[in-house]
Structures are given as C-alpha cells and as structure tokens.
Amino acid sequence: MNNNILEKNYGAIYTLKSTSFNLYSPISEKAYLMLFTNGDFVSHEMKKDADGVFNIEIKGNLANTYYFYKLIQKGKEILTNDPFAKGASLNSTFSAVVNDDEVKKIKKIPVKRNVPPIIYEVNIRDFTEDKHTNIKNKGKYLGFVEPRRETDGGHPAGLDYLKKLGITHVQLQPIHDYHGVDDLNPVSYNWGYDPISYFALEGSYAKDPANPLSRLLEFRKMVDELHKNGIKVIIDVVYNHIYDYKTSYLEKTYPGFYFRKYKDGKMDLSSGCGNVIASEKPFVRKMILDSLRYLLETFDVDGFRFDLMGLIDITTIKEAEKMVRSIKPDSLFYGEGWNMGDILKNNEKASSDNAKKLPGVGFFNNTFRDLLCGSAFDKKDGGFINGKEELVYDFEYHFFGSTLNMKYPGKFLNPQQSINYVECHDNHTVFDKIKMASGEDDETVLNKIKFANALTMFSLGYPFFHMGQEIGQTKHENDNTYNIAKINNMRWDIVDSRWDYVKYFCDLVKCRFSLSEYELSDYDEICKSFSCSIMPNNVFAVIVDRSVYNYTFVINASEKTKPYEFDDYKTIYFTPSGLIFKHKMKVKNFLVSPYSLYITVNDNKFKEE
C-alpha cells in the first residue's frame with residue numbers, strides 16, 4: 001500500500017474558516033459530499049487523487065453541520081456516513097462536523113495518585129439508572145460524576161461510591177457510537193459491543209444528543225471529574241468486529257476491504273458476534289491507531305481494554321501499545337486474549353498464547369477465574385473457593401500472576417500482564433456461579449465472594465472487579481445479558497442492605513495499598529521476596545520478607561476450621577472481617593476460618609494507614 005495513504009488525515013478536518021472532507025474509497029468512480037445547507041442537503045462533487053482518496057474543501061464555519069456521502073460504484077449509487085466522522089446526528093442518521101478543538105483546549109487534569117492499579121468495570125447506564133439514588137442525570141455521562149449523591153439509605157452513590165471503594169481505574173463498557181438504542185428514548189438496551197463508529201461517541205449517554213459537540217464535551221467533563229477525584233479512565237474498545245458488515249460505513253465506502261475473509265470469499269464470523277475486522281491491513285491498522293490517538297488526545301483517557309484482542313494481529317497491538325505509551329506512558333493496555341479464528345496463524349494473533357511477544361500488554365487471566373470459581377461454561381463446577389482445596393498447588397501458581405515456573409510453566413513475563421478476575425460483564429456473576437455450583441444459602445455464598453475478592457485482590461497482577469461484585473449481585477443465573485434492560489443495573493438498594501460487604505471491599509483496597517510488592521516485575525526479585533508453604537491440612541501460606549517489613553498471607557479454602565502455627569508471635573492485620581488496627585491481637589497458634597484469608601505482620605515493621 002502507498003505510504004501516502006497512511007500519512008493522510010481522514011474524515012472532516014475542521015477549522016473556523018473551512019472544513020476539508022477526506023474519504024478513502026478507491027473502488028468508487030465518483031463521490032459527492034451531501035452537506036446540509038439552508039434546510040436541505042446540497043451535493044458537492046469531490047475530487048479523487050491517484051491514491052483513491054476523495055477530497056473537497058468547503059469554506060465557512062461548518063461546526064455541527066450534518067453530512068453524508070453519495071458514492072457511485074459500478075454505476076450504482078451508494079449512500080453512507082463517514083467512517084472517520086467524529087460527530088453524529090441523533091441516532092447516527094448523518095455524520096456531523098465537530099469542532100473538537102473546543103474539547104482539546106480544555107486543560108487536562110493530572111491524577112496525582114500513585115498507587116498500583118485496581119480496576120472496576122462499569123457501564124455508564126447501568127451504574128446510574130437504578131431508582132434507589134438521587135442521581136439526577138440517570139444513564140448519562142454527566143450523571144456518572146454528579147457529586148454528593150446518595151442511596152435511599154443514605155450511603156454514597158455514583159461518583160462518591162467509587163471514591164469510597166478506593167479503586168484506581170474505572171473500565172467503561174463501550175462509549176463509541178453503537179446500534180440498537182434510541183438516543184432520545186433509550187427504552188431498548190445494549191452494552192455497546194456492536195459499534196457503528198470508531199470515532200463518534202454514543203448519543204444515548206448524552207444529556208443533549210441532538211447537539212453533535214455536546215456528547216464530546218459531556219464525556220470529557222466526565223473524564224475530568226473522575227480525574228479530579230483520583231480515578232483514571234479505561235475505555236473498552238471493540239476493534240475486532242462489526243455486527244453487520246453489509247450496513248457498515250466501512251463496507252459501503254470500500255466493499256470487500258475492511259473485513260477478514262477466507263480464500264473462497266466467505267466472511268470470517270469467528271468473533272461469534274459479527275464480521276471480523278482485517279486489522280492486519282495497513283490502512284485498517286491506521287484507522288485503529290487513529291481512533292486510539294483521538295481518544296487519548298481529545299478526552300485524556302488513561303488506557304484501553306481490547307474486546308476479543310486475540311482476533312487482532314500482533315503487529316497492530318504492538319504498534320498501538322507503542323503509540324499509546326508515547327502519548328501517556330502510564331496508560332494501562334490489556335485485553336481478552338482468547339485464541340480465536342483460523343485465518344491468522346497462531347503466531348500472528350495478539351492472544352495470551354503469545355503473551356511473551358507482547359511484554360507491555362496485559363491479558364485477562366481466564367485460568368485464574370476458572371480455578372477460583374470453576375469453569376465459566378460448567379454451572380456445576382465450583383472451583384477452589386467452593387472447597388476444592390486439592391487445587392491449592394494450582395492456586396499457588398496463579399497467586400504469582402501465572403509468571404513463575406511452578407506447577408505449570410510461566411504464562412506471562414511479569415505479573416502486570418495478568419488481569420486477575422472472577423467476574424466481568426460476560427457470563428454469570430460470581431454470586432450466581434457459586435450458587436449454581438454449591439446450592440448454598442445466600443450468607444454462605446456471600447462469604448465465599450468475600451474470599452474470592454480477597455484472593456483476587458492480593459494475588460500478584462492487576463486485580464479486576466465487575467460493578468456490584470463486592471455486594472454479590474445476581475443476574476438470576478442468566479449468563480448473557482447484553483440486551484436485557486435493568487438486570488445489569490447497579491442495585492443501590494442492595495448496597496444499603498449489604499453495606500458491611502462494601503466496607504470489607506474498601507478494607508481490601510486499603511490493605512493492598514499498604515503493601516508494596518505489587519509492582520515487582522523481575523522474576524528473581526519475586527522469588528527472593530516471596531516464599532510459600534502448603535501445610536499437610538492444605539492451609540496455604542505466603543511469606544513476604546522484605547528489608548522494610550515482613551508479613552504472611554494465610555489461606556484456608558475448605559469448609560472446615562483449621563489450625564495454623566507460626567514459629568514466633570505475629571500480629572493479626574487482616575481478617576475475614578477486614579482490617580484490624582485498633583484492637584491488635586498477637587498469635588502464634590490460631591484457627592483459620594473456612595473460606596478465608598488472613599494477613600499477619602511482624603511488629604514494628606509495618607506502616608499503618
């Protein structure tokens with residue numbers, strides 16, 4: 001491909017005095033810009049250069065002006081929106097010119113908080129829509145960051161709840177413009193994994209979606225308010241597929257180009273949810289990198305979670321990670337590393353099987369999830385936290401971020417590549433998973449969730465939690481709720497009734513911050529700092545010995561209370577009830593409760609926070 005094509009800018013390039021429209025459509029014989037002027041769309045013929053790029057410059061201030069393209073392909077007229085448009089009309093009927101400089105010129109707010117990441121996945125609509133709070137702009141960008149909001153029971157809600165939890169990053173489900181929800185009347189529901197655009201933002205989350213610039217400004221304000229409160233923002237990006245290629249702007253502007261196909265011409269549908277994007281093509285790669293750059297530079301986001309990243313080629317992910325870190329070095333960069341599809345060779349995929357080729361990229365650790373809770377695809381498989389204490393050696397491996405050569409060869413180069421989790425938006429909630437496997441009463445299930453959350457929080461790697469996981473929310477055993485309204489909502493009435501579980505989660509966060517081993521990435525340093533012991537009764541202990549302090553994790557994954565003995569007296573620091581500061585208790589021999597994690601410390605060697 002001609003490098004000139006990759007160096008050009010596409011979409012509507014706005015200035016106060018004129019706007020340049022640029023469209024890559026080498027297959028089209030002619031192209032017309034249909035520009036909304038004086039109450040109707042006026043046709044302007046575009047010029048095609050030797051690279052297959054159509055261009056036209058229109059004088060005047062075109063901010064918030066609607067447009068689309070009329071293309072002539074093999075004598076047939078095709079109407080399409082602009083794949084690179086940064087603005088959209090209501091329900092994406094048309095593309096829109098936006099003055100995104102109005103957003104870029106807003107002063108960026110640095111997040112001064114310097115602590116290891118704790119990621120909390122949220123959906124903008126689900127987090128604020130529930131009726132049991134006084135959040136005003138429910139389901140909106142601005143509602144997400146309303147200060148001083150409360151539940152019916154007087155507990156923090158919305159932004160203040162996130163601050164209370166103490167998490168460092170929110171991972172937002174897709175905010176790119178997507179199908180299926182009316183911008184003005186969002187009765188229908190969708191998570192957003194069927195993108196229309198990789199540049200324009202979703203209108204149904206905007207308070208004023210009819211104004212193309214408004215959704216940009218509102219989202220930027222949301223990010224800025226989170227930054228003011230010490231919380232960074234990760235965007236869930238869906239560059240691996242389009243739900244229906246036939247109706248997409250990509251296919252209309254350049255048929256047969258953007259999507260991966262077999263040699264016989266059949267479309268690659270291996271995503272399971274649409275047509276796979278051919279990320280390996282240089283121009284498609286450019287589109288992905290341009291989209292990431294736009295999100296970083298315009299909205300000041302702090303990282304990306306890649307949906308079905310294993311469908312994307314390694315070269316694209318490497319170049320994307322390099323570019324993202326060049327703009328914001330501390331960005332988080334990770335994704336779903338499932339090995340999917342059979343068109344790309346295995347060594348060409350950005351899957352977790354190739355993690356060692358991508359040292360700066362993180363991967364969801366599904367074997368960590370399946371070990372703790374049982375297979376996501378087997379309702380009756382209970383896992384380590386359901387009493388399968390014989391899996392203790394498997395847990396030992398996963399505790400170290402699947403990095404060390406132990407029961408299995410190290411999967412990752414460093415723990416920061418391991419995104420440790422037991423629940424995300426996909427599949428069952430951990431409450432439902434435990435309930436289905438064990439059939440136990442709610443109180444027992446909730447205590448096991450506390451145990452699972454503790455193991456996730458303290459294992460090496462980046463801990464990831466789904467919204468409502470801390471209070472044991474249910475989706476009533478439904479494992480695929482992408483289009484079911486309300487069932488995914490954050491239940492603020494349950495926050496009120498299970499506030500003790502919120503406080504326990506807050507203590508988990510505080511405790512992790514008080515430990516300093518979670519940025520270790522050197523294999524030898526990890527081996528030097530940690531040692532393990534597995535008692536004959538399967539109680540698992542991890543001893544952390546540093547020059548500054550010494551502490552021990554003691555873990556019991558069985559239904560029985562079990563004894564544990566230290567060589568010397570230790571001070572209990574963390575228990576199944578949370579942190580203990582005021583009432584210190586020294587122990588040498590003590591009983592470890594069922595399904596529980598304790599932390600003990602050496603006296604005079606531990607900083608209380």
Side-chain angles (χ1 to χ4, degrees), residues 115-119 168-169 303 305-306 309-310 314 317-318 321 325 330-339 346-347 349-373 383-385 391-422 424 452-465 512-513 515-534 540-546 551-553 555 557 597 599:
V115 288
I118 298 174
I119 303 164
T168 66
H169 293 71
R305 178 265 191 195
F306 285 73
M309 187 170 65
I314 279 184
I317 292 300
K318 279 185 175 180
E321 189 244 338
R325 295 262 164 75
D330 62 348
S331 295
L332 292 189
F333 195 103
Y334 60 91
E336 293 179 301
W338 328 137
N339 188 335
N346 285 335
N347 64 357
K349 301 175 184 177
S351 70
S352 57
D353 294 340
N354 293 317
K356 293 182 179 180
K357 297 179 181 180
L358 297 163
V361 178
F363 298 85
F364 280 89
N365 195 336
N366 61 316
T367 58
F368 181 98
R369 173 201 64 194
D370 290 351
L371 165 70
L372 263 63
C373 293
F384 186 59
I385 63 168
L391 296 175
V392 65
Y393 288 97
D394 296 75
F395 176 71
E396 179 187 29
Y397 169 78
H398 285 88
F399 178 89
F400 290 103
S402 306
T403 300
L404 304 185
N405 296 317
M406 304 182 83
K407 182 174 181 179
Y408 309 101
K411 184 176 184 179
F412 301 123
L413 288 173
N414 57 70
Q416 286 71 47
Q417 286 190 287
S418 182
I419 308 298
N420 299 327
Y421 76 111
V422 293
C424 67
N453 289 344
L455 298 180
T456 303
M457 187 69 78
F458 295 124
S459 294
L460 295 189
Y462 289 159
F464 174 101
F465 301 93
R512 182 176 168 100
F513 290 157
L515 313 178
S516 66
E517 311 313 310
Y518 291 104
E519 291 297 336
L520 286 177
S521 59
D522 181 80
Y523 187 103
D524 293 334
E525 188 69 11
I526 294 170
C527 293
K528 180 180 176 182
S529 300
F530 290 85
S531 60
C532 299
S533 64
I534 299 174
F540 177 56
V542 182
I543 301 167
V544 185
D545 192 1
R546 302 284 282 170
Y551 59 92
T552 304
F553 295 102
I555 296 163
L597 177 146
I599 302 176

Minimum heavy-atom separation for [X] to [Y], with atom names?
X: Ile385; Y: Cys373; answer: CD1-SG, 3.7 Å
X: Leu404; Y: Cys527; answer: CD2-SG, 4.0 Å
X: Val422; Y: Ala452; answer: CG2-CB, 4.4 Å
X: Gly303; Y: Ser331; answer: CA-CB, 4.2 Å
X: Pro117; Y: Thr168; answer: CA-OG1, 3.2 Å
X: Gly383; Y: Leu391; answer: C-CD1, 4.2 Å

Taking atom [atom1] of [X] and atom [atom2] of [Y], what is their separation to the nearest 0.5 Å?
X: Ile317; Y: Lys357; atom1: CD1; atom2: NZ; result: 14.5 Å
X: Phe363; Y: Tyr334; atom1: CZ; atom2: OH; result: 13.0 Å
X: Ser529; Y: Asp524; atom1: OG; atom2: CG; result: 10.5 Å
X: Asn405; Y: Tyr523; atom1: CG; atom2: OH; result: 4.0 Å
X: Asn365; Y: Thr456; atom1: CG; atom2: OG1; result: 10.5 Å
X: Lys349; Y: Leu358; atom1: NZ; atom2: CG; result: 14.0 Å

Under 4.5 Å between any side-chain heavy atoms of [X] and [Y], yes or no?
X: Leu460; Y: Phe530; value: yes
X: Leu332; Y: His169; value: yes
X: Ser402; Y: Phe368; value: no
X: Tyr421; Y: Ile119; value: no
X: Pro116; Y: Phe513; value: yes
X: Phe399; Y: Cys532; value: no
X: Phe395; Y: Ile534; value: no
X: Ile118; Y: Tyr462; value: no

Report the C-alpha separation of Glu336 and Arg305 in whole Å, then their side-chain angles, then the decisive distance to 0.1 Å, and conclude whether the side chain to side chain contact (heavy atoms under 4.5 Å, CB included) test is met. CA-CA 8 Å; Glu336 293 179 301; Arg305 178 265 191 195; 3.1 Å; yes
If the condition is ring pair (Phe, Tyr, Trp, His ring centres under 6.0 Å), which residues does Tyr408 pass it with, not counting sequence neighbours? Tyr397
May I ask you to decide if [Y]'s main-chain N or O and [X]'s side chain share a donor-acceptor pair within less than 3.5 Å?
X: Arg512; Y: Phe458; answer: no
X: Arg369; Y: Cys424; answer: no
X: Asn354; Y: Asn346; answer: yes

Show, in sequence, the C-alpha distance, side-chain angles and deciding distance for Trp338 and Phe364, and conclude whether the side chain to side chain contact (heavy atoms under 4.5 Å, CB included) test is met. CA-CA 9 Å; Trp338 328 137; Phe364 280 89; 3.8 Å; yes
Determine, step by step, whether Phe384 and Leu455 satisfy the side chain to side chain contact (heavy atoms under 4.5 Å, CB included) criterion, reporting the C-alpha distance in whole Å, the side-chain angles of both residues, the deciding distance to 0.1 Å, and the verdict. CA-CA 10 Å; Phe384 186 59; Leu455 298 180; 4.0 Å; yes
For a side-chain contact (heavy atoms from CB on, under 4.5 Å) with Lys411, tell me which candidate from Thr367, Thr403, Asp353 qualifies.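 One option only clears the test, and that one is Thr367.
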Given Leu372 and His398, is the side chain to side chain contact (heavy atoms under 4.5 Å, CB included) satisfied, shown in steps? CA-CA 10 Å; Leu372 263 63; His398 285 88; 5.9 Å; no
